[in-house]
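The structure appears right after this line, and notes come after that.
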Amino acid sequence: MNFPENFLWGTATAAYQVEGAVNEDGRGASIWDTFSHTPGKVRHGDTGDIACDQYHRLEEDLDLMSELGLKAYRFSVAWPRIQPDGSGPANQKGLDYYRRLVDGLRQRSIEPMLTLYHWDLPQALEDRGGWTSRETSERFAEYASVVYEALSGDVGFWITLNEPWVSAWLGYGIGIHAPGTRETGAALSATHHLLLGHGLALDSMRAGGDNQLGITLNLSPVRPATDDPADAEAARRVDGNANRLYLDPLFRGSYPEDVRELHGPDSDFSFVRDGDLEKISAPVDFLGINYYMRHTVVDPQRQAGLPDAMRFENLNAATVVPEGVETTAMGWPVEADGLTEILVRLHEEYTQIPLYVTENGRAVDDYIDPEGGVDDEERVSYLDAHFRAARDAMERGVDLRGYMVWSFLDNFEWAEGYSKRFGLVFVEYGSQRRVPKSSARWYSEVIRRNGLE
Ligand code: FCB
């Protein structure tokens, strides 16, 4: 099974999850520093203070990427390294770090794919309301133009936001991510200001070059667990919240009516001003999709004591793991055909621009065995199935151009700290030794062959 020539095979990481060095070279504090240092927020009290120490081990990691034959590396820029207080002139030392990273990638013929915002908002901006404040959208556009001016000559792919649903709903709606707010109204206004920030940033970057500009959404196909109409309605609420609340403004210039109605008691959407939706729906060059799971939805009212359930608290809906479906170390159901489904839906209902899978991967309870290796066969079969699912979508007309596996290294998995491992490369945190897992060797062969056996 072959992939088109120039298919962009890579891996992804994010600044706070791998860099460490949180107090170096003028970096300011972000909401994740505050959150992870707040007792009870992250498992075991883990923080990103050291993480994978990539800030100090850049050359070693770049060499490893090159050894594995990666064609692309998706990384994010830490906003508080560039603007420690969230506004004003650039901190040169922060820019220097990403300059070294980008040059190091280029020297090894690895395509840099840069994400501007992967959740590490400068704390100073959070103190003034964070994403619930319109000012943050403007500050984000200013930050985007600072980074763009410095790196646009050498970075071809620019992603404004990573997963605005997660920033808005986990951060401001249910509070399990930074900044830890629990208000549906706040999640909605954060959604709008994130998307507006994206639109304003696009504007500011368009003015300065002709790179590929896009955004990354986490999308999940949704289906009801049974044919009970209550489950169907719950599934529609989840689809509205998780998918359409982001896709509709970006590709149709409007918020979905049913979602607005559903959240009527919590928000009148008065944060939307004239002209905002035109900015938000300005054309992008590509869309990034992070795919981890399908949502199989039930109306929780109908089922007491749901096992393995993930509740959408503000939607009166919950997800279940369908019978016979394997789950990952995160408890997430493994359903590769969901990737085909979401890609085809995007193509048919929303857009025909090029698509990239900007994240996909799974957590495994990995360990170093007595021979010194890490045999993660579960990850290999997961990736194999998902690559095939992507290929199926391409056969159905989807213009998929690349695939970034999450993740290059095991890293700080947000609220789960270091307890969950997603890497192709094992990180022994105490010594920071990198041990490529079986999946890394396997992926390297896939890339070399540009296909699957
Ligand atoms: C995504 C995030 C990424 C990583 C994976 C497992 O939601 O974008 O940083 O944590 O999940």
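For ligands, and for the atoms within them, numbers begin at 1 and follow the listed sequence.
Ion pair R388/D392 not flagged as a salt bridge, since none of the NZ, NE, NH1 or NH2 atoms sits closer than 4.0 Å to an Asp/Glu carboxylate oxygen. The pair E326-R362 meets the salt-bridge criterion, with a side-chain N (NZ, NE, NH1 or NH2) lying under 4.0 Å from an Asp/Glu carboxylate O. Salt bridge absent: R434 and E428 never bring a charged side-chain N and a carboxylate O closer than 4.0 Å.
Within ligand 1, the atoms closer than 4.0 Å to a non-hydrogen atom of F422 are 6 (C), numbered from 1 in the order shown. Under a 4.0 Å criterion applied to the non-hydrogen atoms of H118, ligand 1 contributes the atoms 2 (C), 3 (C), 8 (O), 9 (O). Set against the non-hydrogen atoms of W119, the atoms of ligand 1 under 4.0 Å away are 2 (C), 7 (O), 8 (O).
Residues Y292 and W406 place their aromatic rings such that the two centres sit no closer than 6.0 Å.
Aromatic ring orientation, Y443 versus F387: tilted (interplanar angle from 30° to 60°).
For atom 6 (C) of ligand 1, the nearest non-hydrogen atom from the set Q17, E413, E416 belongs to E413.
Considering only non-hydrogen protein atoms, atom 2 (C) of ligand 1 sits nearest to E359 OE1, 3.3 Å. Of the protein's non-hydrogen atoms, Y292 OH, 3.3 Å is the one closest to atom 5 (C) of ligand 1.
By the 3.5 Å distance cut-off applied to N or O atoms, W414 is counted among the residues near ligand 1. For ligand 1, the polar-atom distance check finds an N/O of E163 within less than 3.5 Å of one of the ligand's N/O atoms.
For the salt bridge (Lys or Arg N to Asp or Glu O under 4.0 Å) with E416, the qualifying choice from R43, K41, R421 is R43, the only one to do so.
At a 4.0 Å heavy-atom cut-off, ligand 1 touches N162 through the side chain alone. Contacts between M330 and ligand 1 below 4.0 angstrom, taking non-hydrogen atoms only, are absent altogether.
With sequence neighbours excluded, no residue satisfies side-chain hydrogen bond (donor to acceptor under 3.5 Å, both in side chains) with H386.
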